[in-house]
Structures are given as C-alpha cells and as structure tokens.
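These numbers were taken from a predicted model, which means no experiment stands behind them. Convention: sequence-line order gives letters A, B, ...; per-chain numbering from 1.
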There are 2 protein chains.
Amino acid sequence: MTIACKINKQMFDQFRNKFPLDDDKWTDYTNCFNRMEVPAKTILIQEGDIPKKAFLIEKGCVRAWFNNAGKDVTFQFFFENNTVASIESFRKKHPSTVTVETIEPSVLWFIRKEDIDRIIAEISEIPALRDKFTDAIFERTFVYMKHHFSFIKDTPQQRYLNLIKEMPQIIQRVPQHYIASYLGISTVHLSRIKSQLARGKS
Amino acid sequence: MTIACKINKQMFDQFRNKFPLDDDKWTDYTNCFNRMEVPAKTILIQEGDIPKKAFLIEKGCVRAWFNNAGKDVTFQFFFENNTVASIESFRKKHPSTVTVETIEPSVLWFIRKEDIDRIIAEISEIPALRDKFTDAIFERTFVYMKHHFSFIKDTPQQRYLNLIKEMPQIIQRVPQHYIASYLGISTVHLSRIKSQLARGKS
DNA sequence: TGCATTTGATAACAAATGTTATCGTCTCAC
DNA sequence: GTGAGACGATAACATTTGTTATCAAATGCA
C-alpha cells in the first residue's frame, strides 16, 4: 500500500529559494522526506496514538477529525502543499486528539519526528530561518484566531461563504457532510443554506 | 490619569526564577516595564490604531473586543498576571483589529514595542529562553485551537460550563453581556442557560 | 441622598437550526 | 453489470436561539 523511495525530490524545488541553506543541508533535509501514495480513506494519524510522522501533501486532500459522542467532527482540511501534523501532540508528546485521514487518493511525503526535531534545532541557530519558523507558528495561531472570531460573530451562512471564498476547491473535492461538521452545523442545514443561496442568486 | 514610575519592581520577583538570565539583564528587562493605575473602562489599545505597547496585569481585568455591525463582541478576557498584546498587529504591523479595555480599575505594567522586539531578539540567541518563547506561542495557538474545537462540538451551555470551570472568577467580575458575546450567544439566552442550570441543580 | 444608567431576569413571539425520515442519484467493489 | 452503501436534497416537525419589550435590582455619580 505504501510505496516509499528517496529519489525524485524535484517536488521540493519550488521551496528551494525560500530557505537560505547551502546545498548540502538542503539535500540532507529533503532526504528526510519519503514519498508515499495512498488510496482515499487512509488513516495517517490515529486519534489516541502518539504520532511519529508529519506529512507534506503533493497531491490529494486530507481531513483531521475527532469523535464526539459517536459522531465524527471534522476539524480541518488540507490540500496540495499543506503540511499536516498533530502539532499539539508533537509539542506536548501527548496522544493525538484527532484522526488524520485522506479524503482522496493522495501523494504524500512523510518525515519522522526525530528528523523534524533535529531540523528545527539546527535552523533555530540561523536567525533568518528561526524567524521563518516563528512566523509559521504565528500564522497558524492567526488562522485559529480568525476561526474563533468567525464563530463568535458570523452566522453559519456567512461562515460557509467565507469558506468557499478561502478554499473554493473544497466544494468540488470534499463531501458535504464533512463541510457541515467543520462549520459546526447539520448536513440538513448546510443543504438549506446552499439552496437559499442558489435561490437568492437566480 | 496615568501614573507611571520605574521603581517597585518586586511585582516581577515571582517570575525571576523562570528566566535563566544574569541579574544585569534581568534588571535591564524589568526596567522596560512602567507601572500605571487606570480606572475601569480605560482603553489601552484602540481598534484601528497600530499599538505601540503591551501590558502585564498586576491587578484588575481587561477585555478585548471588536465592533461587529454596531454591536460589541468580546473576544478575550485577561486577569492578573496575564499579558495583553495585540499579537497579530505586533507581528504584522497592521492596525489592531480589536479594542482592549479595562473592565475593573486596574494596575498595569506597560512595555513599548521597541523594547519587546529587542528583548525577543536577545533571548532568541539563548536556546533555553528561545524555547520558552516558542512554547508560549504554541500555548496560545493551542488555546485558540481548543476554542475552535469547542465551537464545533459543544452547545452554548457546555461552553458556558467550560468557561466557569476554567475562569471561575469571570462570573463575579465580568458583566454578563460581555460573557454572552464571548460565548457567541445573546444575553437573554445566557440568562436562560443560567436559570436552567440553577433549576436543574436544586 | 437621589437620580440616571447599567445590569440581569423573564415573557412572548419570531427566526434559525436540529432531527428524523424519505427519495433519487451516484459510486465503487465484486 | 449490479447491488449495497454513500451522498445530497427536501419535507415535517421539534428544539434551540434570537429579538423585543418590560420590570426590578444594583450601581455609579452628581
């Protein structure tokens, strides 16, 4: 099921100029990534396990979800070039509170936690890269802040409109009941919102 | 209205052992903080302005809120020993998207952005302190993640119960309509939740 | 002290949202 | 192919939540 190899790293070329590293280090780091192709509904991280890997998506899409009173609640979606990790588990060494699962057949690059830790430790000594890392964490924080904002102030319809504005592809690629739980509403209500919008526009 | 001074830094002693710094640096850093006493409803950061200061609360409480279609929506509460800053504005040099305002008469210590930037740059060269800083950002991220979780999966009543569990003091110290908007519900509904809980328990 | 304002509870009604059930379409494994 | 299950729309009804209005108590300020 999993086909891993260490060749064909041209996928990473698009990121090359973003990291001021010499070629040796670059090769070292990109060599930590292993390619894998998996079908839809493959579980990458299991809720309750301590995750040992993070993933970069070359092709496909992925969701993070958790079980709430028997129902599955989707927490986040990931698409091409997103990195997927249970950052809270990585940081706190707790079991993951979410399951991470492919939605489509996907091409992923995985990297082991030991390697991530080493790379972070190394780049933290280089101010420019350390700042990049800090920026990345802040960006993630701001995304969640924005979600918090949105849940406090917006109606479900507005949240839906925001979502299709920010991730238009989501409509085509993600089953609607995942989107509904991500928005915190029932599938029936999402369906109603869609038909309202369709009627309103015609 | 603002009484600032540079003496009486014993307030900071409680944090002394958390920071592996020599005494000179410690004095340098704590000297960047200025004490101020302000009445309730003092605006510390104005929505739309580029904030120049951050605050540490010695005594009192503070809320961050923003204007949404004419209504004020409370985003976050702060109590003793919390630090208050518009981190997104600091990081991105954007105008603040929230107003920060005292709820009670408060004793605060403020620090200027230039000083923060210098201190962060300096401690980033010391691995132990750099890690503390990174941890702090992650912690903030996890708090917002938890909020996001909660809005997706919990009812308003559950969110209210969570809140009084995590910040019991909030009930005594914060007007209920601020709490309602923080929970994303109307004041009437919060009132109903409270009376339901009271009836259920008796 | 006394008055204006803020705060909070409650009722009545309106609107939003959830639940359950049904149906048609689509997809995918065999 | 084909049959089971996944998916999405819709209806009918139940429940939750919001809105507006009213009142009483608490609070702050002149």
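- Among pairs with a residue in residues 164-174 of chain B, those fulfilling side chain to side chain donor-acceptor pair (under 3.5 Å) read B/Glu80-B/Arg173, B/Glu104-B/Arg173, B/Gln169-B/Arg173, at least two apart in sequence or across chains.
- Proximity of B/Lys194 to the phosphate of C/dA9: a side-chain N or O atom is located under 4.0 Å from OP1 or OP2.
- Computed from coordinates, the B/Gln157 CD to C/dT17 C1' distance equals 17 Å when rounded to whole Å.
- Applying the salt bridge (Lys or Arg N to Asp or Glu O under 4.0 Å) test to residues at least two apart or on different chains, the pairs with a partner in residues 65-74 of chain A are A/Arg63-A/Asp72.
- The side-chain contact (heavy atoms from CB on, under 4.5 Å) test applied to A/Arg192 returns A/Val188, A/His189, not counting sequence neighbours.
- As a whole-Å value, the separation of A/Glu101 CD from D/dA6 P is 13 Å.
- Backbone-only engagement by A/Ser195 is indicated by non-hydrogen atom pairs under 4.0 Å involving sugar-phosphate atoms exclusively.
- In this structure, NZ of A/Lys153 is placed 16 Å from P of D/dG18, rounded to the nearest angstrom.
- The distance between atom CD1 of A/Ile179 and atom P of D/dA9, rounded to the nearest whole Å, is 10 Å.
- Partners of B/Asp28 by salt bridge (charged side-chain N to carboxylate O under 4.0 Å, His left out), not counting sequence neighbours, listed by chain and number: B/Lys25, B/Arg118.
- Partners of A/Ala54 according to the side-chain contact (heavy atoms from CB on, under 4.5 Å) rule, which considers only residues two or more places apart in sequence or in another chain, are A/Ala85, A/Phe90, A/Ile111, A/Ile116.
- In the model, B/Glu122 has a side-chain atom that pairs as donor or acceptor with a side-chain atom of B/Tyr29 under 3.5 Å.
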Which letter, B, S or -, goes with each nucleotide of nucleotides 18-23 of chain C from 5' to 3', with contact meaning a protein heavy atom under 4.0 Å? BBB---
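- Axis angle, first five pairs versus last five pairs of the helix from C/dT1-D/dA30 to C/dC30-D/dG1: 50°, rounded to 10°.
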Quick test: give all pairs of protein nitrogen or oxygen and nucleotides 3-7 of chain C nitrogen or oxygen below 3.5 Å, distance rounded to 0.1 Å.
| unit_1 | atom_1 | unit_2 | atom_2 | d |
| --- | --- | --- | --- | --- |
| C/dT7 | OP2 | B/His177 | NE2 | 3.3 |

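- Residues passing the ring pair (Phe, Tyr, Trp, His ring centres under 6.0 Å) test with B/Phe15, sequence neighbours excluded: none.
- Judged as a side-chain contact (heavy atoms from CB on, under 4.5 Å), and not counting sequence neighbours, the contacts of A/Pro105 are A/Ala40.
- A straight line from CD1 of A/Ile103 to P of C/dT27 spans 17 Å, rounded to a whole angstrom.
- Within the structure, the ring pair (Phe, Tyr, Trp, His ring centres under 6.0 Å) test picks out the following pairs touching residues 37-73 of chain B (sequence neighbours left out): A/Phe149-B/Phe66.
- A salt bridge links A/Lys92 to B/Glu139: at least one charged side-chain nitrogen sits closer than 4.0 Å to a carboxylate oxygen.
- Sorted by first and then second residue, the salt bridge (Lys or Arg N to Asp or Glu O under 4.0 Å) pairs involving residues 10-22 of chain A (not counting sequence neighbours) are A/Arg16-A/Asp23.
- Separating the CG atom of B/Asp154 from the P atom of D/dT16 is a distance of 16 Å, rounded to the nearest angstrom.
- Taking atom OH of A/Tyr160 as the reference point, atom P of D/dG8 lies 11 Å away to the nearest angstrom.
- A/Gln158 places its CD atom 10 Å from the P atom of C/dT17, with the value rounded to the nearest Å.
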